[in-house]
Amino acid sequence: MQAPTTTGAPNLNKTLGERRALRSAILSGGTWIVALIASIPLFSVLYMLVVKGGARLSTVLFTELPPAGFELGGGFGNAIVGTLVMVGIAALISIPIGILAATFLAELGPTSKLAAITRFLAKVLTGFPSILAGVFVYAAVVLTMGGYSAIAGGIALSVLMLPTVILTAEEAMKMVPRKMKDAALGMGCTRAQTIWKVTLPTALPGILTGVILGIARVAGESAPLLFTALFSNYWLSSLREPTASLSILIYNFSSMPFDNQIELAWAASLVLVLIVLVFNVLSRLLGKPKA
Amino acid sequence: MASNPFAGAAPADAITRPPSSGEYLSDRVFRSLTLVAAAIIIALVVYILWEIGGQAMPAIRDHHVSFLTSSTWDVQSERFGILPQIWGTLYSSLLALISAGFFGLTVAIFLTQDFLPPKLAMVFRTIIEMLAAIPSVVFGLWGIFVVIPAIRPLADWLHEYLGWIPLFGTSLSGPGLAPATIVLAIMILPTVAAISQDALNLVPYRTKEAAYGMGATRWEAILKVMVPTAAGGILSAMVLGFGRALGETMALAMLIGNSNQISLSLFSPASTLAALLASSFPEAGRIEVQALMYAALVLLFITLVVNIIGTFILNLTQRRISGKS
């Protein structure tokens, strides 16, 4: 190393001639390539959905029943109804419990032992394999009710939806400024009144984001429905009967040797992805002010 | 119910008033309700363990540990073993984690280290997050009709010329470990990328400025300062990604071939615990269901351990980094 000469400022520019700078440039180039490769799958999936699924898209799909074996045509109206009904049941179960639990975690006992354990288990449950929700509900509901049903399917989905609702609702309630809650309490509100009149309304957009995210997550699930709701080729007539869903229809049809069924599987995939994406975009729009 | 402690607490000329008895009562009820709801989560997890464990009991009594080390699944003779499934679950998840880890960390660096203007980074982040929104079955369908045909030429070439390497020891007959692993890697990429991004974002900006100030190049700053500082978060991203891969079901059930064998080859069909459950459960008889419950218990145990470790590391590192800055 030479001692710096006294004349002029040192040269701070890096040129590619230097080994270190060259290495950095090559790594940067590599990162661009890797990042672009990582975005290929999404576009490939969307392209296939639009091309293969879009080809069959028509109103018939929404009004007719799934075709059997060699039949041509048909649709999956019952599967769309089934998916919506079961997601609805899941939402009815997990939204009240989830928001109440989140209220406890965020407001009433944030530092208590119970809250710490609940929060930890909710986080662990977000990584809970969805198939195990199916196994659990099979043991707990299907065996006791004596058969596959939309109710069992909905309960299985609610197990998966619950942690998402709890964790996002807790975050949303924690974002409500302390001052607002203190002001309400100072006016003589009880804790419950503060929560109902100040915290919950203020945190509503954030809570909705979580709820819709939870719905988006379970709408595409199939593993928990495989042996709780099973499948049905007929319209939903009772919540206590086997029920069709879009995801199970895709799973069943994907392994069939008939072109008609494969085409329907693609069309059902397109509809399912559209449903899931709509919910995702909704939750993003609602969650925007936060970011 | 306790009587209202605020009764008579208001002076006559106050503009505010204390809660009435009714309000006091509803406050108590509401508070207990939230407490119950929080306790329900704990009860749910306990009930899940108890229910699956209880259903598996007969099978555990019949097969003991041999269930974990045997590789036959014969319904007729009621002999069950899940060694190939345990192997397949761990092997496919590990392979998926290697590729998703590399891609996910690179994407996280790409998005957090000023490679893109903020608006574009936002768009790109959305693209990666959208991957997580695509349902597993749709990935399965895509795998069958896009991934398998796409990798077939490469797989054939690798098997023909490099067949002596155990990894390429068999030819690709359709469904198999390679397409399943590719799809699995794509599915856990958003998890790995998102948690790694959070970890890198948590590193205080001045840490990077200090590195640049010392004359470090961009990649010297990233590899020697940013990534080591965020190492805890990145590690938890890998562990949680691994946990997600272990439990992934539908895409694997559709792509892995559900074959009861242990092989190192990327192109041979295999099976995983989740895929076994998905493919066998709907048609299983009572005895087989008990064996499947045992398999579910094993899967539950593995994923719970991995997820608890991942969540624990994440909590620990987040507390440490945010405590420091």
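Sequence lines set the chain letters: A, B, ... in the order given, protein chains first and strands last, and positions in each chain run from 1. Here the structure is a predicted model, which is why all the values come from computation and not from measurement.
Scanning all heavy atoms of the two residues, the minimum distance from A:Ile97 to B:Ala37 falls at O-CB, 3.6 Å. Minimum interatomic distance between B:Ala38 and A:Thr118 (heavy atoms only, all atoms of both residues): O-OG1, 3.3 Å. A:Thr31 and B:Trp219 get closest at one heavy-atom pair: OG1-CZ2, 2.9 Å. For the pair A:Tyr251 and B:Ala278, the tightest heavy-atom approach, listed with the atom from each and the gap, is OH-O, 4.4 Å. Between B:Gly247 and A:Ile131, the shortest heavy-atom contact is O-CG2, 4.4 Å. Annotation for B:Phe124 and A:Ala35: closest pair CZ-O, 3.1 Å, computed over non-hydrogen atoms.
Checked against a 6.0 Å centroid threshold, the rings of A:Phe136 and B:Tyr47 count as neighbours.
Within residues 156-167 of chain A, the residues having any heavy atom less than 4.5 Å from a heavy atom of chain B are, in residue-number order, A:Val159, A:Leu162, A:Ile166. Taking 4.5 Å as the heavy-atom cut-off, the residues of residues 127-135 of chain B that approach chain A are B:Ile127, B:Ile128, B:Glu129, B:Met130, B:Leu131, B:Ala133, B:Ile134, B:Pro135, ordered by number.
Between B:Thr249 atom OG1 and A:Leu132 atom CG the span is 7.5 Å, to the nearest 0.5 Å. For the atom pair CE (B:Met250) and CG (A:Leu226), the distance works out to 4.0 Å, reported to the nearest 0.5 Å. Once rounded to the nearest 0.5 Å, the distance linking CD1 of B:Ile41 with CG of A:Leu125 reads 7.5 Å. Taking CD of B:Glu23 as the start and CD of A:Gln193 as the end, the distance is 4.0 Å to the nearest 0.5 Å. Distance CG/A:Leu42 to CD1/B:Ile186: 10.0 Å, rounded to 0.5 Å. Note that the OG atom of A:Ser254 and the CG atom of B:Leu255 stand 9.0 Å from one another [nearest 0.5 Å].
Heavy atoms of B:Val289 lying under 4.5 Å from chain A belong exclusively to its side chain. A:Ser255 does not touch chain B: none of its heavy atoms, backbone or side chain, sits under 4.5 Å away. Contacts of A:Ser112 with chain B are absent, with no heavy-atom separation under 4.5 Å from either backbone or side chain. Interface remark: B:Leu141 contributes backbone and side-chain atoms alike to the contact with chain A (heavy atom separation under 4.5 Å). Heavy atoms closer than 4.5 Å to chain A are found in the side chain of B:Arg244, but not in its backbone. Contacts of A:Ser44 with chain B are made by both backbone and side-chain atoms, with heavy-atom separations under 4.5 Å. Using a 4.5 Å cut-off between heavy atoms, A:Leu143 touches chain B through its side chain atoms alone. Residue B:Leu292 does not touch chain A at all, counting heavy-atom pairs closer than 4.5 Å. Contacts of A:Ala140 with chain B are made by both backbone and side-chain atoms, with heavy-atom separations under 4.5 Å. Only the side chain of A:Phe43 comes within contact range of chain B, with at least one heavy atom under 4.5 Å from a heavy atom of that chain. With a threshold of 4.5 angstrom between heavy atoms, A:Phe227 approaches chain B through side-chain atoms but not through N, CA, C or O. For a residue to count as touching a neighbouring chain, one of its non-hydrogen atoms must lie under 4.5 Å from one of that chain's; by this rule B:Leu116 touches chain A with the side chain only. For A:Ile262, the part sitting under 4.5 Å from any heavy atom of chain B is the side chain, from C-beta outward, and nothing else. Using a 4.5 Å cut-off between heavy atoms, B:Leu189 touches chain A through its side chain atoms alone. Within the 4.5 angstrom heavy-atom criterion, only side-chain atoms of A:Leu49, from C-beta onward, approach chain B.
Among A:Leu213, A:Thr103, A:Leu108, A:Ile195, the residue making the largest number of heavy-atom pairs under 4.5 Å with chain B is A:Leu108. Per-residue counts of heavy-atom pairs under 4.5 Å with chain A were compared for B:Val45, B:Leu314, B:Val107; the largest is that of B:Val45. When each of B:Leu304, B:Leu299, B:Leu33 is scored by its heavy-atom pairs under 4.5 Å with chain A, the top score falls to B:Leu299. Counting heavy-atom pairs closer than 4.5 Å to chain B, the top residue among A:Phe253, A:Tyr148, A:Trp32 is A:Trp32. In terms of heavy-atom pairs under 4.5 Å with chain B, the best-connected choice from A:Ile37, A:Asn280, A:Val45 is A:Val45. The most heavy-atom pairs under 4.5 Å with chain B, out of A:Gly220, A:Gly109, A:Ala192, A:Ser39, come from A:Ala192. Heavy-atom pairs under 4.5 Å with chain B peak, among A:Ser269, A:Ala139, A:Gly127, at A:Ala139.
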Inset, instruction - Quick one: do B:Leu44 and A:Leu121 satisfy side chain to side chain contact (heavy atoms under 4.5 Å, CB included)? Show the steps, please. - result: CA-CA 10 Å; B:Leu44 176 70; A:Leu121 287 180; over 6 Å; no

Inset, instruction - Go through the steps to decide whether A:Lys123 and B:Asn315 satisfy the test side chain to side chain contact (heavy atoms under 4.5 Å, CB included), and finish with yes or no. - result: CA-CA 11 Å; A:Lys123 276 184 193 160; B:Asn315 283 350; 3.4 Å; yes

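Counting heavy atoms from C-beta on, the side chains of A:Phe128 and B:Thr303 never come closer than 4.5 Å. Counting only heavy atoms from C-beta outward, the side chains of A:Val135 and B:Met293 approach each other to under 4.5 Å. A 4.5 Å side-chain heavy-atom check between A:Val34 and B:Phe102 finds at least one atom pair inside the cut-off. Looking at B:Ile40 and A:Leu100, their side chains never come closer than 4.5 Å, going by heavy atoms from C-beta outward. The shortest distance between side-chain heavy atoms of A:Arg23 and B:Thr217 does not fall below 4.5 Å.
Counting heavy atoms of neighbouring residues, nucleotides and ligands inside a 6.0 Å radius, atom CE of B:Met57 does not exceed 12 of them. Shown here is B:Phe312, whose CZ atom has no more than 12 heavy atoms of other residues, nucleotides or ligands within 6.0 Å.
Note: A:Trp196 and B:Phe30 have tilted aromatic rings, judged against thresholds of 30 and 60 degrees for the angle between ring planes.
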